[in-house]
Amino acid sequence: MGDYYRGREEGRGGGKGGGGGGRRSQKRRHREDDDEDKEYRRSRPYEREDLASRLRRDTISIAESPLTKIEDTINLIANTFASNYDNEELRNTFLNTLLSLVVEQPFKIPFLAAAVLVINSQNPEAGKLILDEFGKAAQAYLTEGFLTSAKLVLRFLAGLQGMVEGDGLYLVLGSIVDQAAGYLVVEEVGLALDLVWIALITVPYILASPKSDSSFASELLKKTSSITEVKHRMQSLLSPFTGGYAPYDARAQGTHNARILQLSLESYLGSEPSKPFHGVGCLPRPYESFLPELEGATKHPMPEITLPSDYPVDKSSIMPNVYFSVFADPNVEVRAFQTVPPPLELASTLFRDAIVDTIDTLDCNRLVVSRFLIEIDCYFSPNAFIKRAVPFDRVIETAGPEGSTWKPEDVAVDAIFSQLYKLPGPNHKLVYYHSILTELCKLAPAAVAPSLGRAIRFMYKNLESMDTELIYRFVDWFSHHLSNFGFTWKWAEWNENLTLPDVHPKKAFILGALEKEIRLSFATRIKGTIPDPYKELISEAKEKEQPHFKYDSEDEPFCNEAKEVLHAVADKKEDAEVDAILAKIVELAKESGVADPLFVARDAYVTAICHIGAKSLSHVLSCIERCKEKLLAIGNESLDARRQIVGSVLSYWEDQPGIGANVVDKLLNYSIVTPLSVVEWVLHDAGNKALSHTHAWEMVSTTINKVNTRVRQMVAARQVMSINDYTEEQLAVYAQTLNAAEIEQGVLLSAVTDALTAMSDSSDEMNGGIDVESKAWMQWWAKGWLRAFSRKFGVAEGTVVEQPVADGGPSTRLDPDDMDTM
Amino acid sequence: MPITTVQRLDAPSSYFEKRERRRSTSPKPDPLKDASTLYVGNLSFYTTEEQIHELFSKCGEIKRLVMGLDRFTKTPCGFCFVEYYTHKDTLDAMKYIGGTKLDERIIRTDLDPGFKEGRQYGRGPTGGQVRDYYRDDYDPGRGGYGGREQRPVAKG
């Protein structure tokens, strides 16, 4: 822990002063500053630090320790800076530290702003300098399109509103909103909502500052109201839940966060909050004990911030953030308390926003992020949270009638899941969010583990209405998480679901989770971690080290010839020799009246390669490499041949389909099979339970992502290809290749859409002999897949691909009527 | 924008720095600047390529995976190289997977300038990794006691 945690800074700032918390790296990690490092090891005690470095360290660690009174820290920082203002090195170090901290550690903004207010009261010149520097920073971030950083700098300026003349920041926010309205006119809904978000989320921080005039806020809200009513064209596909069941407040169902912020701000300004820590009251007010000093402090003109005429961001890729929570279940209202603020309570949005920015900005160190999240109660009003790790069933008695029931660990966990389940996808790889949850559990198991348990139960309970992609994300996270904690889970509580059909979402979840656990571990181990009734879900065949070669069985037609193929390929015989045996199989198959004689020969060949490579991925790869030419030739025969290669691989790896899927992915890279053949095999040949299998989802989504990514990259590359660097011929060839890729993408899209539409159709001819319930669930999966892949293609092409899902398909429950009831 | 107020988890360890310095004194271009290979350590001897692939592919498609082998027995000896297609995926694996568990062991990741033939073999006196020779604890996932401890037992 100490090795990683908030050790030395790197990059600019110059000093060797550490990060926050006074914990420092024990190990050397950077080779550039070697000499400095030696010196650091000799002179470890902080006393030898120069004043600037110490100020930097104190500033970075502001508010971290509940043992230090925040007033003391603010005093220390303000006094040091104000009285050493003439020391240029110290001045620059402090300014740079502030500028970095504000955009890197958003939790600390209100505390830093308070320190600057105090600095201004002691040394107005210093106050003005900081104000102007942040004005410049806001300008630069806006111009360059770094909207999150711009938002955070504006938040810092919001805290300084008390040392600014006139209306200050409200004017800037007003122009931002006007600009958003302009973007709406040209249908850039994503950017318009982002800009409104920036303006509105700044308002509570102004209201929490010493100069809390709300009349401008109300005016601003009037202007944003109609903007936030707009829905993005993809929005119905971005909702985490589908179907008719609302797991939380219907007004938050499928609603983007900008609308939720609008509604909760309106509600906050419209009526007195029921508890002092509700609404803006959840924000910290570290300046409070300094109010007498701040009273007469000098005010400065607001630095000029000119909004750029346009933002250099990829507007088509900006998707609205749709609300998601694992703890805002309305059913808990029966218990009369909630462990997180309800969706339309302003505190919910304020917590979420600060946490998500912290997570996304500091992905370079998940340990620091986890520490912040565990200590989240240090960064808000001292009354906003119940104390850490209070057991769920003791919340009421601990909170008392007036106290908060919001559990800090629930609020943190909820925010992480909001990212893990964000559609179309979060800012970082999913595994990043896995890793934060893992670290949280390691840091504070007693607090976090029960919270995660409740989150898991919520998602399990709502599997039937969850978006299909999210079900698979849930399986992936759950299995990965358990792999970090000895695979312990209270499986017994789901015992009654074991009798459900395998395609029921709950049963499919259990099967999928066990399958993924096995892939990270091995079958015998996993069998040892589950209760008896679950053990039969893991067949004995899964425990075998290698699958058996089906042609070893004398009952298998053409087994002798297939064994010859195996030996010939294993002994690296010439292709001619292999071809001769394959020809013999074709001949024999013809004689015995097999409909497709080539089929048998191909299967023998591909199965032989799988068996030779069964020992490991490297083995199968080297075997494929060796047999590449012949495999390519077989694949080139026809689409059916390619589909059959996929089938032979998956049939060989029947008991460990994850490995089979992996092998197919490698064959795809060799162009031995094509994206279409992989997708068609899953949707047509893999059996009617396929859509509930996690490996089937992975095969199709990985393949489609590859195709979409390729098109996207080619489109992006073409935009920067200049006529000066390439000949016309080269450009024409490129255009042709891109065109071919786009055609392939189009063919895939229609193949997926057609197959899934057919599968979701309730015609009776298909799936003969299957019970009614299973059949209904198969159609349910098909509809879910259709929705998910419409979204994937829609996003990839940047065009409207909202499939006609209205009849029987997923319906969004958020009606305009719902919105207006607020 | 580079983060300056906290330490990064995707910085390389001092391993290659030391090796590089021993060889020459003149400054060289950073061999890890665009590294797309990871060294992965503290694996169990029993962890398979498929398990490693399953975990590390969460950070991106894997181009190549080379298991570390005991140079005498040619069996896995607890480390491997994972090669990605991109530098970013490699850094992400450092940030999100290094220090988490695989096969119920905390694994260690380090940036690597790239696999070269020969590096897949353990360099310890008994064929495995050097650290397993000097280790004196009992680690069932890594062949029991360290190599140095085992020798007298084997002789006697």
Side-chain angles (χ1 to χ4, degrees), chain A residues 4-13 19-20 25 27-31 34 60 96-97 100-101 103-105 146 149 361-368 428-432 434-435 438 476 480 483-487 516 519-522 525 616-618 621 656 658-659 662 665 669 702 706, chain B residues 1-18 20-21 27 30 32 44 46-67 76 80 85 88-89 91-106 108 110 120:
Chain A
Y4 287 126
Y5 179 58
R6 289 183 208 171
R8 302 163 44 222
E9 66 192 308
E10 70 163 44
R12 66 185 169 141
S25 167
K27 264 192 197 166
R28 186 152 39 88
R29 291 190 164 261
H30 314 283
R31 68 206 86 86
D34 187 41
I60 287 179
N96 286 333
T97 306
S100 308
L101 264 182
V103 294
E104 292 175 17
Q105 302 190 22
F146 294 119
S149 297
T361 319
L362 294 178
D363 82 294
C364 67
N365 191 328
R366 62 178 196 265
L367 306 166
V368 169
H428 297 288
K429 288 171 181 146
L430 296 168
V431 61
Y432 171 47
H434 297 187
S435 76
T438 304
D476 190 44
H480 185 204
S483 80
N484 272 282
F485 296 94
F487 297 102
K516 294 280 277 182
R519 279 160 67 174
L520 285 165
S521 181
F522 50 100
R525 164 73 180 130
S616 77
L617 213 55
S618 305
L621 276 180
Q656 295 180 64
I659 298 180
N662 223 331
D665 194 44
N669 288 349
T702 311
K706 271 188 185 173
Chain B
M1 282 165 285
I3 296 290
T4 62
T5 61
V6 302
Q7 194 192 358
R8 306 186 63 90
L9 298 186
D10 53 3
S13 77
S14 56
Y15 181 76
F16 279 98
E17 174 197 354
K18 274 192 230 147
E20 284 303 309
R21 203 180 318 124
D30 185 350
L32 300 174
S44 153
Y46 306 103
T47 299
T48 63
E49 282 183 42
E50 281 69 21
Q51 286 172 279
I52 298 165
H53 194 280
E54 179 70 17
L55 181 64
F56 280 89
S57 61
K58 290 183 195 296
C59 276
E61 189 174 350
I62 291 167
K63 190 173 178 184
R64 186 165 58 152
L65 209 164
V66 182
M67 293 296 280
C80 75
Y85 284 94
K88 183 180 188 307
D89 290 347
L91 293 181
D92 283 349
M94 288 283 286
K95 291 186 285 188
Y96 312 148
I97 296 183
T100 68
K101 280 188 181 175
L102 174 59
D103 222 356
E104 303 179 62
R105 301 174 65 91
I106 301 265
R108 189 177 82 80
D110 200 358
Q120 72 266 48

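Letters A, B, ... are given to chains in the order of the sequence lines, protein chains preceding strands, and every chain is numbered from 1.
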Can you name the nearest heavy-atom pair linking [X] to [Y], along with the distance?
X: A:S618; Y: B:L65; result: OG-O, 3.8 Å
X: A:N484; Y: B:K101; result: OD1-N, 2.8 Å
X: B:G99; Y: A:R366; result: C-NH2, 3.7 Å
X: A:N365; Y: B:Q7; result: ND2-O, 2.9 Å
X: A:L367; Y: B:L9; result: CD1-CD2, 4.2 Å
X: A:L520; Y: B:Q51; result: O-NE2, 3.1 Å

So do B:E54 and A:K516 actually touch side chain to side chain, heavy atoms under 4.5 Å?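 Heavy-atom side-chain distance check passes, below 4.5 Å.
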Residue part contacting chain A, namely of [X], when any heavy atom lies under 4.5 Å:
X: B:I97; value: both
X: B:T100; value: both
X: B:L55; value: both

A:R525: partners by side chain to side chain contact (heavy atoms under 4.5 Å, CB included), with sequence neighbours left out: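 If we apply the side chain to side chain contact (heavy atoms under 4.5 Å, CB included) test to A:R525, skipping adjacent residues, the hits are A:F487, A:S521, A:F522, A:T529, B:E104.
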Could you pull out all residues at least two apart from B:D92 that satisfy side chain to side chain contact (heavy atoms under 4.5 Å, CB included)?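 For B:D92 the side chain to side chain contact (heavy atoms under 4.5 Å, CB included) partners, ignoring immediate neighbours, are A:K429, B:C59, B:K88, B:K95, B:Y96.
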Supply the atom-to-atom distance [X] [atom1] to [Y] [atom2], rounded to the nearest 0.5 angstrom.
X: A:D665; Y: B:E61; atom1: CG; atom2: CD; result: 5.0 Å
X: A:L621; Y: B:E49; atom1: CG; atom2: CD; result: 8.0 Å
X: A:S100; Y: B:I3; atom1: OG; atom2: CD1; result: 8.5 Å
X: B:T4; Y: A:I60; atom1: OG1; atom2: CD1; result: 6.5 Å

Does any backbone or side-chain atom of A:T702 lie under 4.5 Å from a heavy atom of chain B? Answer side chain, backbone, both or neither.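 Neither part.
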Chain B contact via A:I659 - which portion, at a heavy-atom distance below 4.5 Å: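 Side chain of A:I659 only, per the 4.5 Å heavy-atom cut-off to chain B.
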Run the side-chain contact (heavy atoms from CB on, under 4.5 Å) check on B:K58 and A:D476 step by step: do they pass? CA-CA 10 Å; B:K58 290 183 195 296; A:D476 190 44; 2.7 Å; yes
side-chain contact (heavy atoms from CB on, under 4.5 Å), that's the test. Do A:N662 and B:E50 meet it? Break it down for me. CA-CA 9 Å; A:N662 223 331; B:E50 281 69 21; 5.8 Å; no
